[in-house]
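Numbering of ligands and ligand atoms starts at 1, following listing order. Side chains are part of it too, since the values below use all heavy atoms of this structure and drop only hydrogens, waters and symmetry mates.
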Amino acid sequence: MPKRVSPIDIFNLLPKTNCGECGEETCFAFATKLADRKVDLELCKPLFEESFKENLEKLKALLRPAVLEVRVRSPSREVRIGGKVVMYRHELRYDNPTAIAIAVSDTMPEEEMLEKVKRAEDFKYRYIGMDLTLDMIAVRCVSGDPDRFGERVKKVAEATEMPLILCSYDPAVMESGLSALKDSRPLIYAANKGNWKEMADLALMYGCPLVVSAPGDLNLLRSLTKTLLEYGVEELVLDPGTYPDEGLKTTINNFTMLRRCACELEDELSGFPLLAAPIVAWKGDEDPTIKAWKESYLACMLILRFADILILNSIETWSILPVVILRQNIYNDPVKPVSVEPGLRVIGKPDRSSPVLYTTNFALTYYTVMEDLRDLDCYLLVIDTEGLSVESAVAGGKLTADKVAEAIKETGIEKLVDHRKIISPGMAARISGETEEVSGWEVLVGPRDSSGIKDFIKKRFYGEG
Ligand code: SF4
């Protein structure tokens, strides 16, 4: 279960002046929101004054999530990684959706590299009212040439607003990449057994978070993490190694063990974001389609097994789509169904004889119905069911005859049409009689599946065919 922090304990460390700078009327209100992890500590500016230095450190320690939150930045965008308080989503919720980075290498022809960066930047998929996008670019050094790497990092940074991951085990190459960036905080990939000291020096000098890499060896990963913390690098990301095929079981087990140690055993050496590299699926001689498919399922499995950041190679929509949709579904707040604003929607160019329908404000239902009503001229009343679907809302008393009648009144639909007929979802048939009584409108019970709505309107509303 998540570590509960008491608002009183937080309040006792705040300045207690009720100055309102944080946007809350009182320090206690701010403390309550901090305990619920709904606001950032940074909003309390007075806390960062010298006189509260000690309290600030105590608050940071008190509020430290089981998995540290690491921030990666470009001059205009920030991606937050980790920051998990719980092992399982239903225990609270997951914050900071798994960041997805698309890889380019410094040996790609420049035009091809920039084209890939642009496709990653422009990737957008509309899904139940939300835009699903990608987050970062990982620039890999394959050439081994510091100058070439630095030049390519600069070009990539000029071509995208997305924050970067710089990938090389060579400190000279890494320094060249880091020095090519301005006003940025890239993620350094990676420190390993052979280079940890030089990489730690770079992380400290440039103020960047650092990935600790020990593929397949959790003991080494822990040992390196301990060493780096003692050396003074506080913001770490762990790479326990990603293996496809016969190594998949070990990969999944390692990710799970690390997250369990962080969340359930409060093990400080495991309490950092986890980096997965499904891009490893591109090794070997298989067909690129098979590689992209493997990468996609590996990414999906690792989102489910606690990966906080993924490095992918494919930019093909078909292979990225399952990854971004799964991520969206996993990172929804489980106590807040995805919903849309209730109210009246005007579809097409309805007139006074056009059909009137109603549905619930559960986003998935709403967007499905809207899609099925495309090309029609009609009115749709979206009833506030607190984000529940039709069947659940009827069963749970959130979709009632009174609510439908209320929506008819409040939306003013009576003034827009001359008839008094409303089409209900098929799954709300149970409340149709009562709705007629309460509203005075005739209810035509529509199909259970809204894909049949066009046909239904044609036959039952217009009496055609
Ligand atoms: Fe209290 Fe800080 Fe908010 Fe001011 S900004 S009300 S001191 S919590």
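Counting only N and O atoms by type, the side chains of Glu295 and Asn313 include no donor and acceptor under 3.5 Å apart. A donor-acceptor contact closer than 3.5 angstrom is absent between the side chains of Ser339 and Tyr366.
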Audit row: Asn18, Thr26, side-chain hydrogen bond (donor to acceptor under 3.5 Å, both in side chains) steps and yes/no: CA-CA 4 Å; Asn18 298 332; Thr26 63; 4.9 Å; no

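In this structure, Arg374 is not positioned above the aromatic face of Tyr367 in the sense of NZ or CZ being under 6.0 Å from the six-membered ring centre and within 45° of the axis.
Looking at Cys27, Cys19, Gly20 and measuring to atom 1 (Fe) of ligand 1, the nearest heavy atom belongs to Cys27.
Here Leu47 has no heavy atoms under 4.0 Å from ligand 1, in either its backbone or its side chain.
Shown in contact with Pro15 at under 4.0 Å from a heavy atom are these atoms of ligand 1, numbered in order with element: 7 (S). Residue Asn18 has at least one heavy-atom neighbour below 4.0 Å for each of these atoms of ligand 1: 6 (S).
At the top of the distance list for atom 7 (S) of ligand 1, counting protein heavy atoms only, stands Thr17 OG1, 3.4 Å. For atom 2 (Fe) of ligand 1, the closest non-hydrogen atom on the protein side is Cys44 SG, 2.4 Å. Nearest protein heavy-atom neighbour of atom 8 (S) of ligand 1: Phe30 CD2, 3.4 Å.
Ring planes of Tyr94 and Tyr331: tilted class, angle from 30 to 60°.
Across every non-hydrogen atom of Ser314 and Ile320, the tightest pair is O-CD1, 3.4 Å.
For a distance bound of 2.8 Å, the N, O or S atoms of Cys22 include none lying that close to atom 2 (Fe) of ligand 1.
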